[in-house]
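Written below as structure tokens is the structure these notes are about.
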Amino acid sequence: MKNEKEAAGGADSFDVVVIGGGPAGYPAAIRAAQNKLRVACIDEWKNRDGSAAFGGTCLNAGCIPSKALLESTELYHRVQEEFAAHGIKVSGATLDVAQMQKRKSGIVRGMTQGILALFKAAGVTPLQGHGTLGAGRRVDFTAHDGTRRALTARHVVLASGSVPIELRSAPFKPPHIVDSWGALDFETVPKRLGVIGAGVIGLELGSVWRRLGAEVVVLEALPDFLAFADQQLAREALKHFKKLGLDIRLGAKVTGAALAGGAVEVSYEDAKGAQRVGVDRLVVAIGRRPYSQELLGADSGVELDERGFIRVDEHCRTAVEGVWAIGDCVRGPMLAHKGKEEGVMVADLIAGRYGEVNYKVVPSVIYTAPEIAWVGLTEEQIKASGREYKSGVFPFLASGRARALEQATGFVKLLAARDDDEILGVHIIGPMAGELIAEAVLAMEYSASSEDLQRTIHAHPTLAEGLHEAALGADKRAIDSINR
Ligand code: FAD
Ligand code: NAD
């Protein structure tokens, strides 16, 4: 607030103005300030209670609240399904959804307030309200209280993020037909939950409410499950989601959603013809689209592509000198860590330093149980490229640590080139896959061969040995599993 007043006092000229304070924008602002530049970060996010908060979708309504609920609900599930195997008998475990939601909100609050502390420490001026880019890198700022100011900057970084795509046949009608934010805030467990889209959000939030007892039906338009993932991984994942009780219906094209008596009647078509399913709540999670509403003045000169993404080059430069764009509002996967790296790259390039993002090694993680994570190419993509490859698969069933955890499901799969042994892709389904993938990302970032991994000591007994063994398996030299 103090910084805001200082800026209001006439100090409206900055080296860098960042519009958007999500996981792309706020790291850009912090790195720019670390680079000794004078920086302001504008963000307009408002929570349902009217409070303003930095952190964007990820911290307020995405990554962080979803992971908080995934953790709580997984614990509840384990108490019932897993503890007995450990010899721990628990009776009368009950659910307190209000407490679960309170914990989630506390984590979100702590993380978003943390950004203000980071800004203060780095010397970034936080400005809460709306920013619009005009010609000559002028930014018109309207604070939440309506105060307007014209800022000027040597560089402007656009980080305006994305919003959920609405389905014409099932438009949002809260509290019955909701987006992911709505589905994170249910106060009670719906008896029957419908989810449209078996993508990352559908699977994560479907798992959350299923573990708490909801009957969950997931309607996916495509005939293949997780079509964008390695298909061996996808098949294994589908098995586990079915075991959890998710009713995943593939090739289902939703044609309508009617509200009647507090429930939603969803109609869809599949290979067998017209179908219907009744649910109490419906989550529409069919992807997100870039958001740039009132971001660009008519004279800004910044171009959008045909899908609404801000057009940038590989270094996130727009067509306008000194204007950059990063995160979900530009091409590439809509992931927080991808946006963060773009923010850091841009802030370093602005300061005349080196900066790049290696788009070939952006990890993907689905935080379900078991977790699913991958980096690099799928087996299908390598086959299509025509490159000769070898594959090593290590099942967690052969991992002492996974067995001790009572989570010996899934596998690590490593794909490497036959000619020079380059690691081309790593696909993991199993306990802590999201943590384990970091080693594969590092290996690929450093252009390691599968032999480099084979010759690296991994502590025993750890889940990380799975990657070691998968690398060995690629050359039929695995020790702890049968080489096939
Ligand atoms: P955003 O986070 O959307 O932030 C943009 C900010 O800019 C917002 O605060 C917005 O209000 C503000 N803004 C926009 N226009 C203006 C303007 N003109 N003036 C001022 N402010 C403006 N990704 C992961 O990597 N891991 C996960 O586990 C994960 N989980 C997710 C779970 C859910 C339920 C959802 C919905 C998303 C999840 N994502 C996850 C995706 C992740 O949230 C996004 O990739 C990420 O938030 C994008 O960051 P961003 O900074 O580009 O945009
Ligand atoms: P998504 O692209 O992951 O999945 C959308 C799914 O909906 C796809 O399977 C698609 O085929 C299906 N679909 C599209 N139109 C449909 C229709 N009319 N009827 C039925 N199905 C339809 O998108 P999402 O799950 O909404 O997530 C949005 C973004 O948020 C993604 O880009 C994702 O990367 C990001 N996100 C990431 C994480 C994570 O990293 N763990 C978690 C949540 C969200």
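First listed ligand is number 1; within each ligand, the first listed atom is number 1. Heavy-atom basis, side chains included; hydrogens, waters and symmetry copies ignored.
Using a non-hydrogen distance threshold of 4.0 Å, G339 does not register as a contact of ligand 1. Contact between G129 and ligand 1 is present, with at least one heavy atom of the residue lying under 4.0 Å from the ligand. Heavy-atom distances between K46 and ligand 1 stay at or above 4.0 Å for every pair.
Distances below 4.0 Å separate heavy atoms of A24 from the following atoms of ligand 1: 50 (P), 51 (O), 52 (O). Within the listing of ligand 1, atoms 18 (N) sit less than 4.0 angstrom from a heavy atom of L295. Numbered from 1 in the order shown, with element, the atoms of ligand 1 that lie under 4.0 Å from a heavy atom of Y291 read 14 (C), 15 (N). For ligand 1, the atoms closer than 4.0 angstrom to any heavy atom of M334 are 41 (C), 45 (O). Ligand 1 places these atoms under 4.0 Å from at least one heavy atom of S162: 3 (O).
Counting only heavy atoms of the protein, atom 3 (O) of ligand 1 lies nearest to T57 OG1, 2.7 Å. Here the protein heavy atom with the shortest distance to atom 53 (O) of ligand 1 is G161 CA, 3.1 Å. Closest protein heavy atom to atom 26 (N) of ligand 1: C63 SG, 3.8 Å. Ranking the protein heavy atoms by distance from atom 28 (O) of ligand 1 puts K67 NZ, 2.7 Å first. In this structure, the protein non-hydrogen atom closest to atom 46 (C) of ligand 1 is P23 CG, 3.6 Å. Looking only at protein heavy atoms, the nearest one to atom 16 (C) of ligand 1 is E44 OE2, 3.5 Å.
The proximity of S180 to ligand 1, defined as any non-hydrogen pair under 4.0 Å, is limited to the side chain. Counting heavy atoms closer than 4.0 Å to ligand 1, residue I201 contributes side-chain atoms (C-beta onward) but none from N, CA, C or O. Under 4.0 angstrom from ligand 1, the non-hydrogen atoms of Y367 all belong to its side chain. Neither the backbone nor the side chain of C329 comes within 4.0 Å of ligand 1, counting heavy atoms alone. If you look at K338 next to ligand 1, there are no close heavy atoms at all, none under 4.0 Å.
K338 has a carboxylate O that lies under 4.0 Å from a charged side-chain N of E342, or vice versa, which qualifies the two as a salt bridge. A salt bridge is defined here as a Lys NZ or Arg NE, NH1 or NH2 lying under 4.0 Å from an Asp or Glu carboxylate O, and R154 with D15 meets this definition. Between R311 and D305 there is no salt bridge, since no side-chain N of the basic residue sits under 4.0 Å from a carboxylate O of the acidic one.
Proximity of a side-chain donor or acceptor of E356 to a complementary backbone N or O of E314 within less than 3.5 Å is not detected.
Within a 6.0 Å radius of CZ in R48, other residues, nucleotides and ligands contribute more than 12 heavy atoms. With a 6.0 Å radius and a threshold of 12 heavy atoms from other residues, nucleotides or ligands, M334 has its CE atom above the threshold.
When each of I372, I248, V195 is tested with L203 by the rule side chain to side chain contact (heavy atoms under 4.5 Å, CB included), just one qualifies, namely I248.
Annotation: disulfide (SG to SG under 2.5 Å) contacts of C58 (sequence neighbours excluded): C63.
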Between ligand 2 and the protein, which N/O pairs are shorter than 3.5 Å?
| unit_1 | atom_1 | unit_2 | atom_2 | d |
| --- | --- | --- | --- | --- |
| ligand 2 | 3 (O) | V200 | N | 3.2 |
| ligand 2 | 9 (O) | E220 | OE1 | 2.6 |
| ligand 2 | 9 (O) | E220 | OE2 | 3.3 |
| ligand 2 | 11 (O) | E220 | OE2 | 2.6 |
| ligand 2 | 21 (N) | A221 | N | 3.1 |
| ligand 2 | 23 (O) | G287 | N | 3.4 |
| ligand 2 | 25 (O) | V200 | N | 3.3 |
| ligand 2 | 25 (O) | I201 | N | 2.9 |
| ligand 2 | 26 (O) | G287 | N | 2.8 |
| ligand 2 | 34 (O) | M334 | O | 3.2 |
| ligand 2 | 40 (O) | V365 | O | 3.4 |
| ligand 2 | 41 (N) | E204 | OE2 | 2.9 |
| ligand 2 | 41 (N) | V365 | O | 2.7 |

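Residues F186 and W209 bring their aromatic ring centres within 6.0 Å.
When the heavy atoms of S160, P333, G343, A336 are ranked by distance to atom 15 (N) of ligand 1, first place goes to S160. Which of A183, G20, A159 comes nearest to atom 5 (C) of ligand 1 through a heavy atom is settled by distance: it is A159. Of the listed options D328, L184, D43, L59, D43 places a heavy atom closest to atom 6 (C) of ligand 1. For atom 35 (C) of ligand 1, the nearest non-hydrogen atom from the set P164, G62, P27, P65 comes from G62. Comparing heavy-atom distances from atom 19 (N) of ligand 1 across G131, G22, G327 singles out G131 as nearest.
For the residue pair S162/D328, the side-chain donor-acceptor check at 3.5 Å is satisfied.
Considering backbone and side-chain atoms alike, Q293 places every N or O at 3.5 Å or more from each N or O of ligand 1.
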